[in-house]
Student: 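My structure is below; once you've seen it, I'll send some questions.
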Protein chains: 2
Amino acid sequence: MKKPVQVYPDRVEAPHVSDATLREFAGYHMKRAFNVIQADVNRTLKPFELRMVTFSTLTLIVDNPGLRQAQLADALAVERPNLVVIIDELERRDLIVRNRVPTDRRAYALNATLTGHRLHGQALAAVRGHEARMFRDLDQATKDVLISVMEGIRQYPEGSET
Amino acid sequence: MKKPVQVYPDRVEAPHVSDATLREFAGYHMKRAFNVIQADVNRTLKPFELRMVTFSTLTLIVDNPGLRQAQLADALAVERPNLVVIIDELERRDLIVRNRVPTDRRAYALNATLTGHRLHGQALAAVRGHEARMFRDLDQATKDVLISVMEGIRQYPEGSET
DNA sequence: TATTGTTATACTCTATAACTATA
DNA sequence: TATAGTTATAGAGTATAACAATA
């Protein structure tokens, strides 16, 4: 079977696009790779009607019963107003509940329901499968290096222009 | 069947939030790191009134004179419809021009103007500064590993669930 | 005064269907 | 019929200001 012939008659322009300048930037490669990962994880979570952010949110609530929204927003690096709609969605699906905190009536303590725990267990297994798929070519040492580099970048303060 | 008991009596608040489950995922770390990078590069490009995507687009046009929009969209991994507004923006600012291709009147050949070349030169220097800032703690070997890992992930085909 | 959660809003990014004009 | 560029639209992600209730 032969390649489909792409005819570009007396084309002057290059048939292949050079991205030599962009390729020097690690940030460019990260964006491209992250898009692939994001798409794959969302595909993976689709059967559970979860997205990356709703899965992460549910995970933190499962792991930290009684968490408040402000703490959660901080842990997820999500703005408080944006978290509200995420919490709304999880609560509407009866995966979590907002409980009033008796000692501070401004705040809510967030807890996963039984349904939430169950769904989370299933989704977690699926996400682990996704992770294995995405990083199957990496030995553990390389993956550890990758994670420690990401960790280092994440902790740069906002205005760290030295 | 009884409802799960939701009692969290005299909890003040959890003093620290555990993200132990999420931390096992390289994809989670990548998201967080990429958000930091994205914010920093956009801050860096603000003086030029460019964003990450408009900078990348301008770069490819500078490096590949006469590029067509479909090739560009493919190279940037951006959908064709989304590229149109990006090209519109760059053209409105007189950074690039759409030239008709005489041999194929459906297509445009994209070229940077003198203004576009100049702005790109300045922006490129700034982005190199950003990159040095973000990855200042990495030796070149580690950075090369990072890039090759990202490259590998990026090239996974859409439905590669093995 | 400050904080928690909320509403409203806006801009960006991503994705798909369908149109037009050409090939 | 297929392709290049376009229009329209919709869903997410991200960010800020301002408000009510409470501390």
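As the structure is a computational prediction, the values presented were derived from the model and not from experiment. Lettering follows sequence order; numbering is per chain, from 1.
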Student: Taking atom P of C:dT12 as reference, at what distance in whole Å does atom CG of B:Leu50 sit?
Tutor: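 These atoms are roughly 12 Å apart.
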Student: Check the distance between D:dA12's P and A:Leu76's CG and give it to me in whole angstrom.
Tutor: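 A:Leu76 atom CG is separated from D:dA12 atom P by 18 Å.
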Student: In whole Å, what is the span from the CZ atom of A:Phe34 to the P atom of C:dT14?
Tutor: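 To the nearest whole Å, that distance equals 10 Å.
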Student: More 5' along DNA chain D: A:Val53 or B:Arg100, using each one's nearest nucleotide?
Tutor: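 Its nucleotide being nearer the 5' end, the pick is B:Arg100.
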Student: Return the value, rounded to whole Å, for the distance between atom CD1 of A:Ile86 and atom C1' of C:dT6.
Tutor: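 Rounding to the nearest Å, CD1 of A:Ile86 and C1' of C:dT6 are 14 Å apart.
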Student: Distance to the ring centre below 6.0 angstrom and angle to the axis at most 45 degrees; does that hold for B:Arg23 and B:Tyr28?
Tutor: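 No, B:Arg23 and B:Tyr28 do not form such a contact.
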Student: If the threshold is 4.0 Å, N to carboxylate O, is there a salt bridge linking A:Glu24 and B:Arg128?
Tutor: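 Looking at B:Arg128 together with A:Glu24, the answer is yes, because their closest N to O distance falls below 4.0 Å.
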Student: Tell me which nucleotide among C:dA17, C:dT7, C:dT22 gets nearest to the side chain of B:Arg105.
Tutor: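 Of the candidates, C:dT22 comes closest.
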Student: Has A:Gln69 got a side-chain N or O lying under 4.0 Å from the OP1 or OP2 atom of C:dT6?
Tutor: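 Checking A:Gln69 against C:dT6: at least one side-chain N or O falls below 4.0 Å of OP1 or OP2.
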Student: Closest nucleotide of DNA chain C for B:Val78 versus for A:Ala70: which of these residues is on the 5' side?
Tutor: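 The residue mapped nearer the 5' terminus is A:Ala70.
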Student: Is the shortest side-chain N/O distance from A:Asn35 to OP1 or OP2 of C:dT14 below 4.0 Å?
Tutor: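 Affirmative; the distance criterion is met.
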Student: Counting just side-chain N and O atoms, does B:Arg98 come under 4.0 Å of either OP1 or OP2 of D:dT6?
Tutor: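 Looking at the OP1 and OP2 atoms of D:dT6, one of them is under 4.0 Å from a side-chain N or O of B:Arg98.
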Student: Measuring from the side chain of B:Pro81 (C-beta onward, heavy atoms only), which nucleotide among D:dT16, D:dG5, C:dT16 has the closest atom?
Tutor: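 Out of D:dT16, D:dG5, C:dT16, the nucleotide with an atom closest to B:Pro81's side chain is C:dT16.
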Student: Do the charged groups of A:Glu131 and A:Lys143 touch, with an N to O distance under 4.0 Å?
Tutor: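 Result for this pair is yes, salt bridge flagged.
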Student: Determine whether any donor atom in the side chain of B:Arg106 lies under 3.5 Å from an acceptor atom in the base of D:dT3, or the reverse, and answer yes or no.
Tutor: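 Pair found.
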Student: At under 4.0 Å, does any side-chain N or O of B:Arg51 touch on OP1 or OP2 of C:dC13?
Tutor: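 True: B:Arg51 side-chain N/O within range (under 4.0 Å) of C:dC13 OP1/OP2.
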Student: Nearest-Å distance, CE (B:Met52) to C1' (C:dT14)?
Tutor: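 In whole Å, C:dT14 C1' lies 15 Å from B:Met52 CE.
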Student: Give a yes or no on whether a salt bridge exists between B:Asp104 and B:Arg68, defined as a side-chain N under 4.0 angstrom from a carboxylate O.
Tutor: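 Yes.
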Student: Is the A:His120-A:Phe48 ring centre distance short of 6.0 angstrom?
Tutor: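 Between A:His120 and A:Phe48, the centre distance exceeds or equals 6.0 Å.
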Student: To the nearest Å, how far apart are A:Leu83 CG and D:dT16 C1'?
Tutor: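 Roughly 16 Å, once rounded to whole Å.
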Student: Whole angstrom is fine here: how far is it from CG in A:Asp40 over to P in C:dA15?
Tutor: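 So the CG-P distance, A:Asp40 to C:dA15, works out to 13 Å.
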Student: Can you check the A:Tyr108 OH to C:dT3 P distance for me, whole Å?
Tutor: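 For the pair A:Tyr108 OH and C:dT3 P, the rounded distance is 20 Å.
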Student: Spell out yes or no: do the side chain of B:Asp104 and the base of D:dA4 have one donor N/O and one acceptor N/O closer than 3.5 Å?
Tutor: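 Under the 3.5 Å cut-off, the side chain and the base do not form any donor-acceptor pair.
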Student: Which of the following nucleotides, D:dT16, D:dG13, D:dG5, is nearest to the side chain of B:Lys31?
Tutor: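 Selected nucleotide: D:dG13.
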